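Reading through the structure tokens given below for one structure.
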Amino acid sequence: YGVSNEGGAWVRKLKDAGINVVFNADYLENTPLGMASWLRFFAAFYNDFALADSILIQTEAAYNSLAGIVDTITNRPKILTGLPWKGTWYMPAGDSYMVNFINDAGGFYPLSEQPGQENIPMDIEAVYGIFHDADIWINTGSASGTAEIAGEDARLGKINAFNEGDVFNNTGKISAYGGNEYWESGPVNPDIILKDLIHIFHPEIFPAHQLVYYKHLN
């Protein structure tokens, strides 16, 4: 895949070597089911669209069933996502993949009315002003514990979700080779990710659920 024109040089080198190049653009999808549909892209290489479609039908049904359970919930926890990077916090816009996940899981994301799919660069002060009272904090980068988060900036330790111990990272499933399964198998298992998020946001709905792609940070 490529996210800029810089890939042109290596694409030419591959073609010169007699290697065919096909771009995968699943990262441009703004919905979990949209990203999962790229399973058909890979099915094309194996001439097995029937298998891909059968998987997608089951995945879509499971995802929509889960989303329907929380669709009418009015008590939605306030969700903060991400961590600042070199003083800038890149917050997902309202039409993005992550915000659609949050909405479908029954969460409230204050920037959901911001149009677009691109991340919104914000300073820490602005994010703190909006999210200091967040109920739950998810997707905290490479942090394996809350001490690492507080070490980034002292102000982060004052956020409500941090103090209440409601911090969760999407690093619950790491492959044998060190890859984060959230980005590897997760895209074709959006229903499992959604169930994780529903359990985090509304633990009373699936009290026996064991987190798969997420883990609670201590």
Side-chain angles (χ1 to χ4, degrees), residues 3-4 27-32 34-35 66-67 70-172 180 182-183 186 190 193-205 211 213-218:
V3 295
S4 69
Y27 68 95
L28 294 175
E29 298 289 344
N30 70 327
T31 66
M35 185 174 286
L66 289 167
V70 298
D71 186 49
T72 58
I73 287 179
T74 56
N75 182 26
R76 294 179 169 240
K78 189 174 184 177
I79 309 300
L80 169 62
T81 181
L83 273 180
W85 171 254
K86 294 183 178 180
T88 302
W89 208 316
Y90 295 91
M91 304 298 293
D95 301 319
S96 66
Y97 173 84
M98 194 63 236
V99 173
N100 276 303
F101 250 141
I102 292 172
N103 290 337
D104 289 344
F108 165 62
Y109 179 69
L111 300 179
S112 62
E113 298 303 316
Q114 294 289 330
Q117 299 182 37
E118 301 296 325
N119 287 336
I120 306 167
M122 300 175 66
D123 55 41
I124 296 176
E125 292 79 7
V127 174
Y128 183 84
I130 299 171
F131 291 92
H132 65 276
D133 58 346
D135 299 299
I136 298 169
W137 192 348
I138 61 172
N139 299 6
T140 54
S142 60
S144 58
T146 53
E148 292 178 45
I149 296 174
E152 290 281 335
D153 190 296
R155 291 169 292 185
L156 302 183
K158 298 179 181 179
I159 292 173
N160 179 66
F162 184 96
N163 290 321
E164 294 297 323
D166 289 318
V167 182
F168 299 82
N169 205 0
N170 53 355
T171 53
N180 186 347
Y182 181 88
W183 302 111
I193 294 177
L194 182 63
K195 193 167 187 177
D196 273 1
L197 290 172
I198 292 174
H199 177 73
I200 291 169
F201 299 173
H202 304 281
E204 72 283 357
I205 295 179
L211 294 176
Y213 289 102
Y214 276 86
K215 69 176 183 179
H216 180 240
L217 297 190
N218 297 309

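Just so we're clear, the structure is a prediction, and the values are computed from it rather than from any experiment.
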Note to self: When you measure from the side chain of His216 to the backbone of Gly165, do you find a donor-acceptor pair of N or O atoms at a distance under 3.5 Å?
What the structure shows: yes
Next item on the list: Without swapping roles, check the side chain of Glu148 against the backbone of Ser144 for a donor-acceptor pair under 3.5 Å.
Entry: yes
Checklist line | Which atom of Pro110 lies closest to which atom of Phe131, heavy atoms considered | finding: CD-CE2, 3.3 Å
Next item on the list: If a pair satisfies side-chain hydrogen bond (donor to acceptor under 3.5 Å, both in side chains) and one of its residues is in residues 85-111, list it, with sequence neighbours excluded.
Entry: Tyr63-Asp104
Note to self: Please give me the minimum heavy-atom distance between Ala93 and Gly116, naming the atom from each residue.
What the structure shows: CB-O, 3.1 Å
Margin query: Could you check whether any side-chain N or O of Asp166 sits under 3.5 Å from a backbone N or O of Ala161, counting only pairs where one atom can act as donor and the other as acceptor?
Written below: no
Checklist line | For the student: nearest non-hydrogen atoms of Phe201 and Ala105, plus distance | finding: CD1-O, 3.5 Å
Notebook entry, point to check: In Å and rounded to the nearest 0.5 Å, what is the CG to CG distance from Leu197 to Leu211?
Noted result: 9.0 Å
Item checked: Non-hydrogen side-chain atoms of Pro84 and Val127 separated by less than 4.5 Å -> no
Note to self: Counting C-beta onward and ignoring hydrogens, is there a side-chain heavy-atom pair between Met91 and Leu80 closer than 4.5 Å?
What the structure shows: yes
Margin query: Less than 4.5 Å apart, side chain to side chain, heavy atoms only: is that true for Val99 and Gln114?
Written below: no
Check: Under a 4.5 Å cut-off applied to non-hydrogen side-chain atoms, are Trp137 and Ile149 in contact?
Finding: yes
Item checked: Main-chain N/O of Gly106 paired to His202 side chain as donor or acceptor, under 3.5 Å -> yes
Margin query: Test your reading of the model: is there a side-chain donor-acceptor pair from Ser112 to the backbone of Gly94, 3.5 Å cut-off?
Written below: no
Item checked: Value rounded to 0.5 Å, distance of CG in Asn163 from OG1 in Thr146 -> 10.0 Å
Notebook entry, point to check: What pairs with Lys215 under side chain to side chain contact (heavy atoms under 4.5 Å, CB included), at least two apart in sequence or on another chain?
Noted result: Thr171, Leu217
Note to self: Rounded to the nearest 0.5 Å, what separates atom CD in Gln117 from atom CG in Leu28?
What the structure shows: 7.5 Å
Next item on the list: Among Asp196, Asn139, Asn170, Asn169, find the residue that satisfies the side-chain hydrogen bond (donor to acceptor under 3.5 Å, both in side chains) test when tested with Tyr214.
Entry: Asn139
Next item on the list: For atom CD of Glu125, decide whether the heavy atoms of other residues, nucleotides or ligands shown that lie under 6.0 angstrom number more than 12.
Entry: yes
Next item on the list: Give a yes or no on whether the backbone of Tyr128 and the side-chain of His132 come within a donor-acceptor separation of less than 3.5 Å.
Entry: yes
Check: Can you find a pair of side-chain heavy atoms, one from Phe168 and one from Ile136, that are under 4.5 Å apart?
Finding: yes
Next item on the list: Evaluate the side-chain proximity of Asn180 to Tyr213: yes if any heavy-atom separation is below 4.5 Å, no if none is.
Entry: no
Notebook entry, point to check: About how many Å separate CD1 of Ile159 and CD of Glu164, when rounded to the nearest 0.5 Å?
Noted result: 13.0 Å
Notebook entry, point to check: What distance do Leu111 atom CG and Ile120 atom CD1 have between them, rounded to the nearest 0.5 Å?
Noted result: 5.5 Å
Checklist line | From Phe162 atom CZ to Leu156 atom CG, the distance as rounded to the nearest 0.5 Å | finding: 8.0 Å
